[in-house]
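Heads up: the structure comes next, in structure tokens.
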2 protein chains.
Amino acid sequence: MAATQDEPTNSRRAELLRIAAGLFAEKGFKNTTVRDIADASGIQSGSLYHHFDSKESMVDEILSSFQEELFGSYDEILTSTDDARAKLERAVRVSFEAIDRHRHEVAIFQNEADYLGGFDRFAYLAERNAQSRAVWITLLDDGVRSGVLRSDLDIELTYRFIRDTVWVAVRWYRPGGSLTHSHVADQYLTILLDGIAHA
Amino acid sequence: MAATQDEPTNSRRAELLRIAAGLFAEKGFKNTTVRDIADASGIQSGSLYHHFDSKESMVDEILSSFQEELFGSYDEILTSTDDARAKLERAVRVSFEAIDRHRHEVAIFQNEADYLGGFDRFAYLAERNAQSRAVWITLLDDGVRSGVLRSDLDIELTYRFIRDTVWVAVRWYRPGGSLTHSHVADQYLTILLDGIAHA
DNA sequence: GTCTATAGCCTGATAGAC
DNA sequence: GTCTATCAGGCTATAGAC
């Protein structure tokens, strides 16, 4: 996992990571060259290595700091005193919010986790995946137990459907467009909880 | 779009495409080298060029022939005399069946369509995307009009949720595993139509 | 902190022998 | 139809000047 630095001379570094994240999200990690990143930053490729060890270090820092923030939000929900349905709704809303605020990071994780996960350095991605599964399964189990959710659900499949549908929205959601993240979350929760069939 | 050849001396070509499709699906198109494909086929990389013009031609042939088959199935559903709900269910089932029978092709389309779509040669991918949207929007509109589906749905968002959730299953579905494609389709249709909340 | 220059490797594709 | 050998270009990363 990447080291988190303090803030003094940090702004240039952060700016470069922001630019790299946009390119990684748009074109893919392997498909983005250090020259692409340098061009977009207005410097030469060699100069990037004054700031970062390697291209891998860049994506590592992008992903690990994002994950830290996201799982902080999940933990807050799990330890709250809300009922099962409210927790589930909050988890969905927090996820769409993350897409709104960190779409590059989400896209990179969605597209590259499988590939990067093959390297020792990125083993934490698989751990985060397991942690995320644990969060959703807990929420769903609580929902069924408390009678908020139908008891005939295949919990594992339901988890996969929710996870996939929520995160894959990063492919088309654009912050600042005509759709707000909360409208998308509203519509999604309506469909998820009550279905699309006429009652 | 790639030329479709007749069947006489075709089996070696088809075998090589099958191997390439597996690698493209697993590691990504850009990330799979012609040497990878050659190694997996037990030949040298130079020999591949006796069968194919380029790596691009290989993925072109893989994708275009798959799309042809898939859209044939959609057309059958659209022109059938089923009612709106049955058509929607059939479209979902046909899609999960496609994941079962052609998961490499589906995975490649899901992962690479954005990147490949940038080349003239792959412009048909965007057309197929628009065609697919037209199919689903038609089915949903018919559903609302005939009273089978709720009238307060945001049709465009509903379409995206269905499309995404169905196709993204290719990331975890494995043919021959403990889950059958029809079980997955059943569970998915239950959630989609009636929701996960206790009635 | 950025530049120029380049090492060392991997890539897609070609040419000609068998 | 497959092999060997190779070209030309692109890649990450490094070294040293400024």
Side-chain angles (χ1 to χ4, degrees), chain A residues 2-3 5-24 26-63 108 111-112 115-116 118-122, chain B residues 2-3 5-63 108 112 115-116 118-122:
Chain A
Q5 262 188 214
D6 308 284
E7 277 287 345
T9 52
N10 215 334
S11 57
R12 184 67 174 140
R13 181 188 190 79
E15 165 76 358
L16 292 170
L17 282 179
R18 226 183 33 77
I19 292 167
L23 291 167
F24 291 155
E26 197 190 328
K27 317 179 14 153
F29 174 71
K30 192 77 189 263
N31 208 14
T32 300
T33 70
V34 293
R35 286 192 260 268
D36 289 335
I37 302 169
D39 286 354
S41 309
I43 59 175
Q44 294 298 314
S45 64
S47 308
L48 271 180
Y49 289 84
H50 174 73
H51 302 277
F52 304 97
D53 275 2
S54 65
K55 200 172 80 162
E56 270 187 20
S57 293
M58 300 187 78
V59 77
D60 189 354
E61 197 160 330
I62 290 164
L63 286 177
I108 295 167
N111 297 330
E112 319 289 346
Y115 168 67
L116 293 174
F119 303 97
D120 287 349
R121 159 171 218 169
F122 293 99
Chain B
Q5 261 189 214
D6 309 283
E7 278 288 344
T9 52
N10 213 333
S11 57
R12 183 66 174 142
R13 182 188 189 79
E15 165 76 357
L16 292 171
L17 282 179
R18 224 181 35 75
I19 292 167
L23 290 167
F24 291 155
E26 197 190 328
K27 317 179 16 154
F29 175 70
K30 193 77 189 265
N31 209 14
T32 301
T33 69
V34 292
R35 287 174 179 81
D36 289 336
I37 303 169
D39 284 354
S41 309
I43 59 177
Q44 293 301 311
S45 64
S47 309
L48 271 179
Y49 288 84
H50 174 74
H51 302 276
F52 305 97
D53 275 3
S54 64
K55 199 174 80 162
E56 269 187 21
S57 292
M58 300 187 78
V59 77
D60 189 353
E61 198 161 328
I62 290 164
L63 286 178
I108 296 168
E112 318 289 346
Y115 168 68
L116 293 174
F119 303 95
D120 288 349
R121 158 170 219 170
F122 293 99

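These numbers come from a predicted model, not from an experiment. Convention: sequence-line order gives letters A, B, ...; per-chain numbering from 1.
- Closest to the side chain of B/I43, from the set D/dC3, D/dG1, C/dT2, is D/dC3.
- Taking atom CZ on A/R12 and atom C1' on C/dT2, their separation rounds to 10 Å, with Å as the unit.
- In this structure, A/S47 and B/G46 both approach DNA chain D, and ranking their closest nucleotides by distance from the 5' end singles out B/G46.
- The separation between A/H51 atom NE2 and D/dA13 atom P is 15 Å, rounded to whole Å.
- Here CD of B/Q44 is found 15.5 Å from NE2 of B/H50. Values are rounded to the nearest 0.5 Å.
- Taking atom CZ of A/F119 as the reference point, atom P of D/dT12 lies 13 Å away to the nearest angstrom.
- Heavy-atom minimum distance, A/L17 versus A/E61: CD1-OE2, 3.5 Å.
- At least one side-chain heavy atom of B/I43 sits less than 4.5 Å from a side-chain heavy atom of B/R12.
- For the segment residues 30-42 of chain A, no residue has any heavy atom less than 4.0 angstrom from an atom of DNA chain C.
- Judged by distance alone, with hydrogens and angles left aside, the side-chain atoms of B/K30 form no donor-acceptor pair with the main-chain N or O of B/E112 at under 3.5 Å.
- Here the P atom of nucleotide D/dT2 and the CG atom of B/L16 are 7 Å apart, to the nearest Å.
- Within the structure, every side-chain polar atom (N or O) of A/H50 is placed at least 4.0 Å from both OP1 and OP2 of C/dT2.
- With 3.5 Å as the limit, one finds a donor-acceptor pair spanning the side chains of B/T33 and B/D36.
- If you take OH of A/Y49 and P of C/dA5, they are 19 Å apart, rounded to a whole angstrom.
- The line from OG of A/S45 to CZ of A/R35 is 5.5 Å long, rounded to the nearest 0.5 Å.
- Salt bridge status for B/E15 with B/R18: present, with a side-chain N to carboxylate O gap under 4.0 Å.
- The separation between A/K55 atom NZ and C/dC10 atom C1' is 13 Å, rounded to whole Å.
- What separates CD of A/Q44 from C1' of D/dA13 is a distance of 15 Å, to the nearest Å.
- Atom CZ of A/F52 is separated from atom P of C/dG1 by 12 Å (rounded to the nearest Å).
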